[in-house]
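Fair warning: this is a prediction, and the values are worked out from it, not measured in the lab. Each ligand, and each atom within it, is numbered from 1 in the order the structure gives.
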Amino acid sequence: MSALLPVYERDLVLVKGKGSRLFDDQGRSYLDFAAGVAVNGLGYGDRKVIAAIRKQAAALIHASNLYHTAVVSQLAERLTALAFPSRVFFCNSGTEAGEAALKFARRIGQPQGRYELVAFERAFHGRTMGSLSLTWATKYREPFEPLVPGVRFCPWNDLDALAGVLTPKRTAAVFLEPIQGEGGVRVATPEFLQGVARLCREAGALLVLDEVQCGLGRTGRMFAYEHAGVTPDILTLAKPLGAGLPLGATLVREELVSAIRSGDHGSTFGGNPVAAAASMAVLDRLTSSGFVEDVARKGEFLLRGLRKLARRHAQIAEVRGLGLMVGVEFRGEAGAVVKGLRERGILATKAGDTVLRLLPPLVVKRSEIRELLAALDALLAEGKGA
Ligand SMILES: Cc1ncc(COP(=O)(O)O)c(C=O)c1O
């Protein structure tokens with residue numbers, strides 16, 4: 001383990017998972033409210049995912065993007081049918097999906113001399129240089145400056161500020177997470193999203209929605225933008241898309257596709273057939289009758305339970321979220337709460353210093369949500385999170 005570069009702080013050694021539970025090398029079990037940071041939407045050990053991976057691995061693991069493979073083409077068709085008329089570029093991660101979106105936005109804007117990009121305060125779009133340039137936090141950016149030029153940041157949920165930042169002739173695109181994840185689980189109001197879409201239209205700028213964390217069922221709808229009734233020009237997806245295998249996707253609206261030429265972008269591994277086969281199994285499940293509706297109901301159950309706790313424990317400043325993407329803002333540090341939960345056999349992550357982020361597998365059971373609520377109640381009674 002010590003041969004790994006120390007870019008992560010970690011100590012737990014995990015060996016297997018089943019449903020919403022993980023097991024460490026000491027045989028201890030953990031109820032998982034992190035889900036591999038929103039990757040493991042179907043939890044662990046899903047039989048259909050495993051069967052799809054086995055079958056595709058036996059047939060063809062990799063062929064490169066110099067050739068077609070049926071499963072990758074089928075996945076692209078399936079995604080565009082679920083989202084909006086578009087074409088898909090496949091890659092391996094969220095940050096790469098963002099890089100592709102950035103390049104396509106610049107490519108589409110180039111003939112008009114549009115190159116500026118707008119992102120929001122507290123945005124997180126990834127760690128590679130392009131996506132990092134659209135990411136707000138100084139701690140991620142500063143050590144690596146200078147970043148990609150031409151990016152402007154704007155306050156969240158503030159349409160007047162955005163109107164002031166958009167430049168009718170220069171802005172190529174506005175990048176936005178419908179629910180900011182790393183930035184503290186901050187939900188864009190429907191009015192804000194609708195207003196951003198309108199301002200983009202008026203300024204001739206593209207709307208790029210980053211649904212890497214909040215997309216694919218997490219908010220109780222297939223895509224989070226559906227809550228606001230807007231459609232993006234470009235959409236980025238990753239995390240749960242490959243059922244735990246690396247897979248990202250950038251969808252570009254059909255009318256814009258003629259601006260993109262052969263050779264404009266590429267990736268050796270992007271759109272791996274095994275990851276695509278796993279993804280088809282994920283989409284089968286997400287589109288099965290009542291699945292996302294159940295995510296919405298379980299999310300309401302979790303939010304209601306947390307709001308009840310907030311009324312009893314003064315350490316909680318705010319509970320926010322949509323579906324099973326939930327943040328609990330504490331008046332003090334959330335780190336002690338994350339640690340306390342782990343000691344009680346529950347895994348969760350922070351988003352910023354003061355927000356406990358809850359991202360269980362979408363298949364989490366109500367009894368497991370109750371288990372989390374009971375553990376949190378007990379911790380707060382001890383004074384954690386103050
Ligand atoms: C909204 C969003 N965009 C992009 C990324 C980057 O994804 P990846 O870590 O797969 O590069 C993340 C990761 O947390 C994210 O939450």
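Near ligand 1, residues Ser93, Gly94, Thr95, Phe124, His125, Gly126, Glu177, Glu182, Asp210, Val212, Gln213, Lys239 each place a heavy atom inside the 4.0 Å sphere around the ligand atoms.
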Sequence neighbours left out, cut at 3.5 Å: what donor-acceptor pairs do the side chains of residues 294-308 make with other protein atoms?
residue: Lys298; atom: NZ; partner: Leu362; partner atom: O; Å: 2.7
residue: Lys298; atom: NZ; partner: Val364; partner atom: O; Å: 2.8
residue: Arg307; atom: NH2; partner: Val319; partner atom: O; Å: 3.1

May I have the list of side-chain donor-acceptor pairs in residues 192-203 shorter than 3.5 Å, sequence neighbours left out?
residue: Gln194; atom: NE2; partner: Ala228; partner atom: O; Å: 2.8

*Evaluate side-chain contact (heavy atoms from CB on, under 4.5 Å) for Tyr225 paired with Phe84, printing each intermediate quantity in order.*
CA-CA 12 Å; Tyr225 61 73; Phe84 48 91; 3.5 Å; yes
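A search for ring pair (Phe, Tyr, Trp, His ring centres under 6.0 Å) contacts involving Tyr115 returns nothing, not counting sequence neighbours.
Thr250 contributes no side-chain N or O that, together with a main-chain N or O of Thr236, makes up a donor-acceptor pair within less than 3.5 Å. Of the possible donor and acceptor atoms, none in the side chain of Ser288 sits under 3.5 Å from a partner among the backbone N and O of Phe291.
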